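On a predicted model such as this, the values are computed, not experimentally measured, just so you know. Below, chain A is the first sequence line, B the second, and so on; all start at residue 1.
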Protein chains: 2
Amino acid sequence: MPDRGPLNRDRIVAAAVALVDTDGVDALSMRTLAGRLGCAPMSLYNHVADKDELLTAMLEAIADEIEPPEPDREPLDAIRARAISTRDALARHPWAAELWQRSVPGPARTRLMEELLEMLARTDLSPRVAHHGFHAVNNHVLGYTLQELGMNMGDDPEKTARDFQDAIVADFPLMAAHIQQHLDGDTSRTFELVLDLILEGLARLDREG
Amino acid sequence: MPDRGPLNRDRIVAAAVALVDTDGVDALSMRTLAGRLGCAPMSLYNHVADKDELLTAMLEAIADEIEPPEPDREPLDAIRARAISTRDALARHPWAAELWQRSVPGPARTRLMEELLEMLARTDLSPRVAHHGFHAVNNHVLGYTLQELGMNMGDDPEKTARDFQDAIVADFPLMAAHIQQHLDGDTSRTFELVLDLILEGLARLDREG
DNA sequence: ACCTGAACACCGTTCAAGT
DNA sequence: ACCTGAACACCGTTCAAGT
């Protein structure tokens, strides 16, 4: 059931995101994408320079899903909300985190970074600590999301986890126990907890110079 | 100048790592790799099941480069040293961080995780905080490395950074200033600083329950 | 047991030709 | 300005045949 109507850049990017959301990034080819859109493969090249530019445009579309900062909020609170919104957007599109740092950021991704720097500037953190804070928050969001999505691979994440657990329990008991903690579900707030640890750590670092 | 001698799994993996270190992960094909090794493409399949297994084996080889924990060290110090050694290994192989979470970990990568959990167990952190610490440290190492390598793209990283800076300075002044801080080189210890922030934050989190 | 040529079913992209 | 078929130079992998 190919979509019809006039071809344009936005329709191409939206179709590509939809395709990759369901079938994975390896399933994206210019030919299958054209099939979904009901056009010839080469028609796509009237709207995107090449596949790389398409992927960059797809990441920009994901960046646009992330909630803008709420200007009336306490800056550290706003940073916290932004981090959570970013994680949510990356979780909705499990392929995006892996590619997030692959190409030079476009306007949407650059705006995200500018906004985080703005929020940090509105805190009373020193410029030096704010610089580190920028990286600390970004590293956490990206690193956590990659780890979470890496664990949730395949059609049945729980089965994947249990199979891995069974395979390693003899040689790596602590890791098997760690996985059990995840399976027991009492770790769902790790992202927020570590985020708070970082935000409080920044404030403390600043106080001590 | 193809290497000669009998083909085996280790030679294939080593040649693949060398190829990808210099030419990037997109340059890795079974055909070019076979060319480097002086064998037919299909000969590789006598030693690896497919390209995916080869990539997994390459990541295992990188994991084996990471220094084992020094058992006589203070646990938090040992964790710190391990994090730095991991970052160094990933920096030597700029393609590896992107793939790190892509497939189910093999024995070498699982051993790394087990060892981190062992070091955490040797601290006096509560099991709950140790669980979060595992993720906090791993997220930071992976997230930081990805960010650092993302910035150092292309043949001339400094030129890439300056070009990006020029392109965005009008719309995103804070981001341009942030890049300037990197170009000035006074941010080289961000990785260790944020790492220490996390480790101290864990100890504090524990004290407060 | 290990190797390999030919073949199959794909890719991204160039180019020239259409409207 | 936008579309597209044919073609080019690649892929990963199967299979049957070699030693």
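- Counting heavy-atom neighbours within 6.0 Å of Arg189(A) CZ, excluding the residue itself, gives a total of 12 or less.
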When the side chains of residues 165-172 of chain A are checked against the rest of the protein, which donor-acceptor pairs come out under 3.5 Å, sequence neighbours left out?
from, atom 1, to, atom 2, distance (Å)
Gln165(A), NE2, Ala176(A), O, 3.0
Gln165(A), NE2, Gln180(A), OE1, 3.0

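- Using cut-offs of 30° and 60° on the angle between ring planes, the pair His182(B) and His135(A) is perpendicular.
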Symbol by symbol from the 5' end, with Watson-Crick or G-U pairs under 3.5 Å, [ ] crossing and | another strand, DNA chain C is ||.|||||...|||||.||
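- For Phe191(A), the ring pair (Phe, Tyr, Trp, His ring centres under 6.0 Å) criterion is met by His140(A), Tyr144(A), not counting sequence neighbours.
- Taking the side-chain hydrogen bond (donor to acceptor under 3.5 Å, both in side chains) definition, one finds that Arg102(B) meets it with Asp26(A), Glu98(A), sequence neighbours left out.
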Could you run down the sub-3.5 Å N/O contacts of the protein with nucleotides 15-19 of chain C?
none

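- The CG atom of Asp77(B) sits 11.5 Å away from the CE atom of Met119(B) when rounded to the nearest 0.5 Å.
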Nucleotide N/O of nucleotides 9-12 of chain D paired with protein N/O under 3.5 Å:
from, atom 1, to, atom 2, distance (Å)
dC11(D), OP1, Ser29(B), OG, 3.4
dG12(D), OP1, Met30(B), N, 3.2
dG12(D), OP1, Lys51(B), NZ, 3.1
dG12(D), OP2, Met30(B), N, 2.9
dG12(D), N7, Arg31(B), NH1, 2.2
dG12(D), O6, Arg31(B), NH1, 3.2
dG12(D), O6, Arg31(B), NH2, 3.2

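- Computed from coordinates, the Arg11(A) CZ to dC2(D) C1' distance equals 14 Å when rounded to whole Å.
- The shortest distance between the side-chain N/O atoms of His47(B) and the OP1/OP2 oxygens of dA1(C) is not below 4.0 Å.
- At least one donor-acceptor pair under 3.5 Å links the side chain of Glu114(B) to the backbone N or O of Met175(A).
- Per the geometry, CG belonging to Leu44(B) stands 13 Å off C1' belonging to dC2(C), to the nearest Å.
- For His132(A), the ring pair (Phe, Tyr, Trp, His ring centres under 6.0 Å) test picks out no residue, with sequence neighbours left out.
- Applying the side-chain hydrogen bond (donor to acceptor under 3.5 Å, both in side chains) criterion to Thr123(B), with sequence neighbours excluded, gives no partner residue.
- Residues satisfying the side-chain hydrogen bond (donor to acceptor under 3.5 Å, both in side chains) criterion with Thr32(A), sequence neighbours excluded, are Ser29(A).
- For CZ of Arg111(A), the number of neighbouring non-hydrogen atoms (other residues, nucleotides, ligands) closer than 6.0 Å is 12 at most.
- Ala18(B) pairs by the side chain to side chain contact (heavy atoms under 4.5 Å, CB included) definition with nothing, not counting sequence neighbours.
- Residues that satisfy the side-chain hydrogen bond (donor to acceptor under 3.5 Å, both in side chains) test with His47(A), not counting sequence neighbours, are absent from this structure.
- For DNA chain D, no neighbouring residue in residues 12-25 of chain B is found when judged by any heavy atom under 4.0 Å.
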